[in-house]
Amino acid sequence: LTGENFKLPSEVQWYFAARGGNKSKGYCYAGSDSIDEVAWVGKNAQGHIQNVGKLNPNELGIYDMSGNVWEWCYDSYSNYSYSEEKNPVIDGGENRVIRGGGFKNTPSYCRTTYRGSKKYDGSAENIGFRLVLNE
C-alpha cells in the first residue's frame with residue numbers, strides 16, 4: 001500500500017529499538033524499570049491483548065516492545081556468537097527468535113534481554129510482529 005518494502009527485524013535490530021537506541025537509559029523493560037508503566041503482562045492485561053499505545057513508549061517513542069505480544073524476529077534461534085559482526089543474522093534453523101514477552105507472561109519474560117523461540121511455522125494468540133523498512 002505504501003510502495004515501500006518491509007521485513008521482520010533482525011534480533012539485533014529489535015533489541016536496539018527496544019533498548020531505546022542511542023537514547024537508551026538502560027531500563028530493564030522497553031522504556032522503564034517499572035513493568036506497569038510500559039507492558040501488558042499477566043497481572044494487568046485482563047487475559048487478552050491490549051490496544052497498542054495505551055502505556056508509555058520507550059526512549060524512541062515506540063510502544064509495547066515489552067509485553068502484550070511476543071514479536072517475531074528474522075533470525076533463527078541459536079546461541080549468541082562472539083563474532084565482531086554488528087548485525088549478524090542467523091538463518092537456517094526451524095526455530096525463530098521471539099522477543100518482548102506477552103500478555104500471559106510474568107515480568108521476567110518481558111525484559112529486553114530475554115530471548116524466546118518458536119517454530120517458525122507455528123502460531124499462537126500471543127505472538128505478533130513488528131516490521132522495519134527494508135533499505
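Side chains are part of it too, since the values below use all heavy atoms of this structure and drop only hydrogens, waters and symmetry mates. Numbers for residues simply follow the sequence, beginning at 1.
Sparse packing is recorded around CZ of Phe129, with 12 or fewer heavy atoms of other residues, nucleotides or ligands lying under 6.0 Å away.
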Determine whether Ser108 and Thr106 satisfy the following criterion, side chain to side chain donor-acceptor pair (under 3.5 Å), listing intermediate values before the conclusion. CA-CA 6 Å; Ser108 62; Thr106 61; 3.3 Å; yes
Side chain to side chain contact (heavy atoms under 4.5 Å, CB included) between Lys104 and Glu125, intermediate numbers included: CA-CA 10 Å; Lys104 295 181 178 182; Glu125 67 179 343; 2.2 Å; yes
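Residues Cys73 and Arg96 come closest through the heavy atom pair O-CB, 4.1 Å.
Between Tyr114 and Tyr109, the ring planes lie perpendicular to each other; the angle is over 60°, past the 30° to 60° tilted range.
Side chain of Asp64 to backbone of Gly53: a donor-acceptor contact under 3.5 angstrom is found. Remark: the backbone N or O of Ile98 is not paired with any side-chain donor or acceptor of Asp75 at under 3.5 angstrom. Ser32 places no side-chain N or O within 3.5 Å of a backbone atom of Glu37 that could act as its donor or acceptor partner.
Membership of the apolar cluster around Tyr29 extends to Ile35, Val38, Val41, as traced through chained side-chain contacts below 4.5 Å between ILVMFWY residues. Grouping Ile, Leu, Val, Met, Phe, Trp and Tyr residues whose side-chain heavy atoms lie under 4.5 Å apart, directly or via other members, leaves Phe16 alone, with no other cluster members.
Sorted by first and then second residue, the salt bridge (charged side-chain N to carboxylate O under 4.0 Å, His left out) pairs involving residues 17-35 (not counting sequence neighbours) form an empty list. For residues 126-135, the pairs satisfying salt bridge (charged side-chain N to carboxylate O under 4.0 Å, His left out) are Glu71-Arg130, with sequence neighbours left out. Sorted by first and then second residue, the pairs that involve residues 43-63 and meet salt bridge (charged side-chain N to carboxylate O under 4.0 Å, His left out), not counting sequence neighbours, are Asp36-Lys43.
Legend: residues meeting ring-ring contact (aromatic ring centres under 6.0 Å, His included) with Tyr77, ordered by chain and number and at least two apart, are absent.
In this structure, Ile49 CD1 and Phe103 CZ are separated by 5.0 Å, a value rounded to the nearest 0.5 Å.
At a threshold of 4.5 Å between side-chain heavy atoms, the hydrophobic network of Ile, Leu, Val, Met, Phe, Trp and Tyr places Leu60 and Leu55 in two separate groups. The same ILVMFWY cluster, assembled from side-chain heavy atoms under 4.5 Å apart, contains both Trp14 and Ile62.
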